[in-house]
Novice: 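Here it is, the structure in full.
Hydrogens, waters and symmetry mates are skipped; everything else that's a heavy atom, side chains included, is used. Owing to the predicted nature of the structure, the values given are computational and were not obtained by experimental measurement.
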Amino acid sequence: MYNAIQVNKDTWWTGVNDHDTDLFESLWPLPQGVAYNAYVITGTTATAAIDTVKGPYLDEYYNKLLQALGGRALNYLVINHMEPDHAGLIAQLKKQWPSLKFIGNVKTVPLLKGYHGIEEDVITVKDGDTLDLGGHVLRFATVPMLHWPESMVTFDTTTGVLFSNDSFGGFGAHEGGLFDDEKLTARWAGEMLRYYACIVAKYSNVVQAALKKLGALEIKNIFPSHGTLFRKDIKQVISLYDKWSKQEAEQGAVVVYGSMYGNTKRMAEAVCTGLAEAKVKDVRIYDASRADMSNMLRDIWRFKGLALLSCTYNTVLYPPMEALCSKLLNRMPKNKVLGLAGSYSWSKGALTALQDFAEKIKLEKIGPEVEVYTSPTDEDLKKCCELGKNLGEAVLS
């Protein structure tokens with residue numbers, strides 16, 4: 001992918017693969033890297049780039065941009081999103097083409113000034129406004145808080161391409177082809193859900209509003225700013241976003257434990273035994289101290305059942321479990337059943353903290369709630385198994 005790639009009529013991919021960044025937003029691991037997708041449309045009367053890429057990739061991006069332009073000047077830069085991984089090279093493009101015009105909405109303007117000091121040559125658009133490039137008419141739609149307030153999408157009314165920015169995006173660099181029909185679904189779907197759970201999930205109500213807003217468009221391709229480009233089965237990817245944003249959970253369960261010396265881990269394993277006895281076939285168990293947060297969030301978003309078990313640490317919730325609960329309260333998952341258990345030695349605290357969490361997150365609780373002193377007895381483990389069984393029955397009901 002060292003060259004610009006034509007992805008539709010007069011439309012070029014000028015993005016880059018990033019295998020160097022280990023943490024997306026300095027938070028989320030990137031074991032398969034990440035792609036920054038950018039595009040160029042060459043109309044008969046004008047040219048337009050759709051977003052740029054992250055700053056360190058100037059040379060690679062610029063070379064592809066020049067290939068796509070074929071000796072022509074760049075007339076417009078459409079700024080769908082001001083986050084620096086998509087807008088990192090705005091100032092450099094302005095230096096290269098001083099007459100370059102910027103397309104954004106009213107909430108783009110202060111961010112453009114703040115990040116790049118640019119106030120001139122800015123064209124402010126609103127929902128339904130268009131830009132005629134000659135043979136390609138672009139229509140703009142704002143999708144505020146998906147996932148920044150200035151976020152918008154661009155629709156090419158000529159080709160039916162929706163440049164969706166972070167919507168429909170996913171982690172993972174391109175391996176071979178760019179498109180969904182050039183990859184196994186398993187190579188993009190899991191990373192797309194992990195991206196959704198980490199980046200977009202908090203704004204699921206906004207996703208639903210955006211899907212309704214864009215529903216009237218005759219979309220033939222979806223080209224996001226991260227991950228796979230979609231041209232084969234547009235309905236499939238829209239259906240996934242509809243499902244995830246409605247929080248339609250699958251019949252599985254996630255068990256997360258925080259344990260210093262293994263006692264709470266034994267309790268968690270007993271819960272898993274109960275889930276298996278209830279015939280739940282998809283069970284994921286995570287050690288909160290060692291598991292990657294993004295994988296936990298992905299599976300919690302996906303499955304109906306959730307069990308949280310924590311030891312007490314200095315009279316409060318074990319810190320890794322506290323971090324997970326904080327992330328969940330930020331996203332407020334719905335349509336799930338929740339089981340709780342805690343352990344303590346010289347002071348209680350963990351179960352009470354988990355109960356406070358449950359009150360705030362408003363998920364249906366499944367009993368019994370188990371509290372263990374020091375290490376679990378056989379009777380304690382039976383109660384944990386009972387919790388797992390009851391949780392499993394609720395998952396499958």
Side-chain angles (χ1 to χ4, degrees), residues 23-30 34 81-85 107 143-151 165-171 190-211 226 240-250 253-258 284 286-310 313 316-340 342 350-365:
L23 294 175
F24 189 83
E25 298 182 337
S26 292
L27 284 172
W28 315 111
L30 295 171
V34 67
H81 185 24
M82 274 298 304
E83 202 164 4
D85 54 340
K107 294 182 179 179
V143 285
M145 296 318 303
L146 217 175
H147 60 117
W148 278 23
E150 90 302 350
S151 295
N165 201 261
D166 280 342
S167 303
F168 305 106
F171 294 131
E191 285 294 80
M192 186 175 173
L193 176 53
R194 189 166 71 95
Y195 181 91
Y196 185 93
C198 294
I199 309 300
V200 184
K202 176 178 173 65
Y203 309 104
S204 288
N205 60 329
V206 180
V207 173
Q208 279 294 303
L211 289 175
H226 295 296
L240 285 174
Y241 247 58
D242 188 43
K243 172 185 174 181
W244 296 338
S245 57
K246 287 179 178 175
Q247 302 195 44
E248 296 176 353
E250 298 177 25
V254 178
V255 178
V256 185
Y257 67 87
R284 313 289 173 91
Y286 287 107
D287 177 351
S289 296
R290 294 169 177 82
D292 170 50
M293 180 72 74
S294 66
N295 288 329
M296 290 190 284
L297 291 173
R298 176 199 61 204
D299 288 343
I300 290 170
W301 203 263
R302 178 181 176 187
F303 295 117
K304 184 177 179 180
L306 174 62
L308 300 177
L309 302 91
S310 179
Y313 188 82
V316 295
L317 197 60
Y318 191 50
M321 184 61 71
E322 184 178 41
L324 174 61
C325 289
S326 175
K327 291 287 192 296
L328 292 174
L329 286 172
N330 180 260
R331 287 158 178 77
M332 293 300 288
K334 302 175 182 176
N335 304 326
K336 302 189 184 301
V337 288
L338 175 65
L340 305 174
L351 183 59
T352 300
L354 288 174
Q355 290 167 336
D356 290 343
F357 161 80
E359 286 290 316
K360 294 174 183 175
I361 206 162
K362 296 180 172 59
L363 296 177
E364 178 187 353
K365 287 199 294 182

Novice: In the structure I gave you, are the side-chain heavy atoms of M296 and K327 within less than 4.5 Å of one another anywhere?
Specialist: no

Novice: Nearest 0.5 Å, please: how far is OH in Y203 from CE in M145?
Specialist: 4.0 Å

Novice: Check the pair Y286, V255 against side chain to side chain contact (heavy atoms under 4.5 Å, CB included), reporting the backbone distance first and the verdict last.
Specialist: CA-CA 6 Å; Y286 287 107; V255 178; over 6 Å; no

Novice: Run D242 and Q208 through side chain to side chain contact (heavy atoms under 4.5 Å, CB included) and show every step you take.
Specialist: CA-CA 7 Å; D242 188 43; Q208 279 294 303; 2.8 Å; yes

Novice: Would a distance-only check, ignoring hydrogens and angles, find a side-chain to backbone donor-acceptor pair under 3.5 Å from R298 to G190?
Specialist: no

Novice: Taking the side chain as every heavy atom from C-beta outward, state whether S151 and D166 have any atom pair closer than 4.5 Å.
Specialist: no

Novice: So, for A358 and L340, which heavy atoms are closest and what is the spacing to 0.1 Å?
Specialist: CB-CD1, 4.0 Å

Novice: Using a 4.5 Å cut-off on heavy atoms from C-beta on, say whether the side chain of D299 contacts that of L193.
Specialist: no

Novice: Can you tell me how far the SG atom of C198 sits from the CG atom of D292, to the nearest 0.5 Å?
Specialist: 7.5 Å

Novice: CZ/F171 to OG/S294 distance, rounded to the nearest 0.5 angstrom?
Specialist: 6.5 Å

Novice: Working to the nearest 0.5 Å, report the span between CZ of R331 and CD1 of I199.
Specialist: 7.5 Å

Novice: So do the side chains of V34 and W28 get within less than 4.5 Å of each other, counting heavy atoms only?
Specialist: no

Novice: Shortest non-hydrogen contact from L23 to L30?
Specialist: C-CD1, 4.3 Å

Novice: For L308 versus L324, what's the shortest heavy-atom pair and its separation?
Specialist: CD2-CD2, 4.1 Å

Novice: For atom CZ of F303, is the number of surrounding heavy atoms from other residues, nucleotides or ligands below 6.0 Å larger than 12?
Specialist: yes

Novice: Would you say that P333 contacts L328 through its side chain, given a criterion of any heavy-atom pair below 4.5 Å between the two side chains?
Specialist: yes

Novice: Report yes or no: does K336 contribute a side-chain atom to a donor-acceptor pair with the main-chain N or O of I300 at less than 3.5 Å?
Specialist: yes

Novice: Which heavy-atom pair separates P320 from A288 by the least distance, and what is that distance?
Specialist: CB-O, 3.5 Å

Novice: If you compare all heavy atoms of A201 against all heavy atoms of A197, which two are closest, and at what distance to 0.1 Å?
Specialist: CB-O, 3.5 Å

Novice: Between CG of L309 and CG of L351, what distance do you get to the nearest 0.5 Å?
Specialist: 9.5 Å

Novice: I want to check something: taking the side chain as every heavy atom from C-beta on, are W301 and S204 in contact at a cut-off of under 4.5 Å?
Specialist: yes

Novice: Assess whether side chain to side chain contact (heavy atoms under 4.5 Å, CB included) is satisfied between W244 and V207, documenting all intermediate values.
Specialist: CA-CA 9 Å; W244 296 338; V207 173; over 6 Å; no

Novice: Output all residues satisfying side chain to side chain contact (heavy atoms under 4.5 Å, CB included) with K243, sequence neighbours left out; order by chain, then residue number.
Specialist: E248, E250

Novice: Taking everything shown except E359 itself, do over 12 heavy atoms lie less than 6.0 Å from its CD?
Specialist: no

Novice: State, yes or no, whether a side-chain contact exists between M321 and F357 at a heavy-atom distance under 4.5 Å.
Specialist: no

Novice: If you count every heavy atom of other residues, nucleotides or ligands that lies below 6.0 Å from K107 atom NZ, does the total exceed 12?
Specialist: no

Novice: Is there a side-chain contact between L317 and L354 (heavy atoms, below 4.5 Å)?
Specialist: yes

Novice: Is it true that Y196 and S245 share a donor-acceptor pair across their side chains at a distance under 3.5 Å?
Specialist: no

Novice: Strictly distance-based, threshold 3.5 Å: is any side-chain N or O of N335 a donor or acceptor partner for the main-chain N or O of A249?
Specialist: no

Novice: Would you sort out whether K304 and E364 count as a side chain to side chain contact (heavy atoms under 4.5 Å, CB included), showing the intermediate values?
Specialist: CA-CA 11 Å; K304 184 177 179 180; E364 178 187 353; over 6 Å; no

Novice: Evaluate the ring planes of H226 and Y195, with Trp represented by its six-membered ring, and classify them as parallel (under 30°), tilted (30 to 60°) or perpendicular (over 60°).
Specialist: tilted

Novice: Between K202 (side chain) and M332 (backbone), is there a donor-acceptor pair under 3.5 Å?
Specialist: no

Novice: For the pair H81 and W148, name the ring-plane relationship: parallel under 30°, tilted 30 to 60°, perpendicular over 60°.
Specialist: perpendicular

Novice: Write down the atom of G342, the atom of A350, and the distance for their closest heavy-atom approach.
Specialist: CA-CB, 4.5 Å

